[in-house]
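Below: the structure, in structure tokens.
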Amino acid sequence: VRNLDANRAKLEALRERLWTALQRDCPPVVLNGPEIGAADVVPTTLNVSFPGCRADVLLMSLDLAGVACST
């Protein structure tokens with residue numbers, strides 16, 4: 001509890017960093033949900049879509065790369 005605010009800020013920064021990298025390196029990518037920085041955003045979750053990409057192929061590739069994800 002003592003470090004709650006600092007931990008949240010760190011997680012929000014990591015989430016924003018991931019979103020920025022996805023926009024730069026993996027277009028087209030769509031953010032599903034509130035905008036980055038909104039007050040009601042869960043800092044540990046990033047919900048995105050990749051239009052035109054088969055979900056099963058993407059999920060398997062990400063899993064093999066060690067990325068925790070779901071469809």
With a 4.5 Å limit on heavy-atom distance, are the side chains of [X] and [Y] in contact?
{"X": "R15", "Y": "V41", "result": "yes"}
{"X": "R8", "Y": "L4", "result": "no"}
{"X": "C69", "Y": "L59", "result": "yes"}
{"X": "L46", "Y": "I36", "result": "yes"}
{"X": "L58", "Y": "L62", "result": "yes"}

For P28 and P51, work out which heavy atoms get closest and say how close.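 Looks like O-CD, 3.3 Å.
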Atom CD of residue position E12 - does it have more than 12 heavy atoms of other residues, nucleotides or ligands inside 6.0 Å?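 Count over threshold, so yes.
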If Ile, Leu, Val, Met, Phe, Trp and Tyr residues are connected whenever their side-chain heavy atoms lie under 4.5 Å apart, and connections chain through other members, are V67 and V29 in the same group?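 Cluster IDs for V67 and V29 match.
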Hphob cluster co-occupancy, F50 + L31, side-chain heavy atoms under 4.5 angstrom: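 Linked within one cluster.
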Nearest-0.5 Å distance that lies between atom [atom1] in [X] and atom [atom2] in [Y]:
{"X": "T45", "Y": "N32", "atom1": "OG1", "atom2": "CG", "value": "12.5 Å"}
{"X": "L11", "Y": "E16", "atom1": "CG", "atom2": "CD", "value": "13.0 Å"}
{"X": "S70", "Y": "D63", "atom1": "OG", "atom2": "CG", "value": "11.5 Å"}
{"X": "D5", "Y": "K10", "atom1": "CG", "atom2": "NZ", "value": "15.0 Å"}
{"X": "R24", "Y": "W19", "atom1": "CZ", "atom2": "CH2", "value": "12.5 Å"}

